[in-house]
Asker: 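Got a structure for you, questions after.
Each chain gets a letter, A, B and so on, in the order its sequence line appears, and its residues count up from 1.
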Amino acid sequence: MTTVDLAAWPTTEAAALAEQHRLRPLVEPHGPAPAPGALVAGVDVAYDDERDVVAAAAVLLDLDTLEVVEQATAVGRIAFPYLPGLLAFRELPAVIDALSRLTRRPDLVVCDGYGLAHPRRLGLASHLGVLTGLATMGVAKTPFTFSSTDPGPERGAWTPLVDAGDGSEVGRALRTRAGVKPVFVSVGHRIGLSEAVSAVLALTPKYRLPETTRQADSLCRRALGEAVRG
DNA sequence: GCGACAG
DNA sequence: ATCTTGTCGC
């Protein structure tokens, strides 16, 4: 996989919006769920804004066992400020760097955040998919600007996640643990919504968040700590 | 115009 | 995201 050319990465809001407009038609919102034995990657990023340091992690899990089979990290400078709707420009350079250090190609990448559930239908997960060609999806912890009713209390229950602007279903609120707050699932690239939901259920036998997300979260925090301290 | 707003 | 104490429960 190729890495990001930071010299060509957008630095202004206008340039970022233009880039989203360019990439948006390239999203493929359909595709199969990962097959048994698939390698599913989790990616996440941690920041030290004071020192302008970002650390990303990519962790590869065996979908059958949920065991970590490979992991990689990347450390760099923060490439873009946090602006709602433009999160990809802040997170992706480091994420793609970490993914490029894996020796095996993931069958699916699970992101922290959204894919098509985005004001311009190009959230972090979809953006990553288009840039890399990988199948991607997003699992977010909060509903962003979208709305949904509360799913039933049992694991597996879901309700549509709707964009009030046009009334379209942009994702699903999914209960991954009985009686616990739902997560918000959306398509990234080369996977369908029902398939993305089934992948999340396969990754959440025990906790609210996918095992991929949990592993990537702890690894990027460790990497940031080592980069900043020792 | 103002607030809200993935991480 | 990050800053942060205690607390309830398996």
Asker: How long is the straight-line distance from CG of A:L87 back to NE2 of A:H127, given to the nearest 0.5 Å?
Answerer: 11.0 Å

Asker: Looking only at atom types and distance, does a side-chain atom of A:T65 sit under 3.5 Å from a main-chain N or O of A:E67, one as donor and one as acceptor?
Answerer: yes

Asker: Do you see a donor-acceptor pair shorter than 3.5 Å between the side chains of A:E91 and A:Y47?
Answerer: yes

Asker: Reading nucleotides 2-7 of chain B from the 5' end, what letters show protein touch, with B for base, S for backbone sugar-phosphate only, - for no heavy atom under 4.0 Å?
Answerer: ---BBB

Asker: Once you round it to whole Å, what is the distance between P of C:dT2 and CD of A:E50?
Answerer: 13 Å

Asker: What is the distance from atom OG1 of A:T212 to atom CE of A:M137, rounded to the nearest 0.5 Å?
Answerer: 8.0 Å

Asker: Evaluate the criterion salt bridge (charged side-chain N to carboxylate O under 4.0 Å, His left out) for residue pair A:R104 and A:E70; output intermediate values, then yes/no.
Answerer: CA-CA 8 Å; A:R104 280 164 288 186; A:E70 193 179 342; 3.2 Å; yes

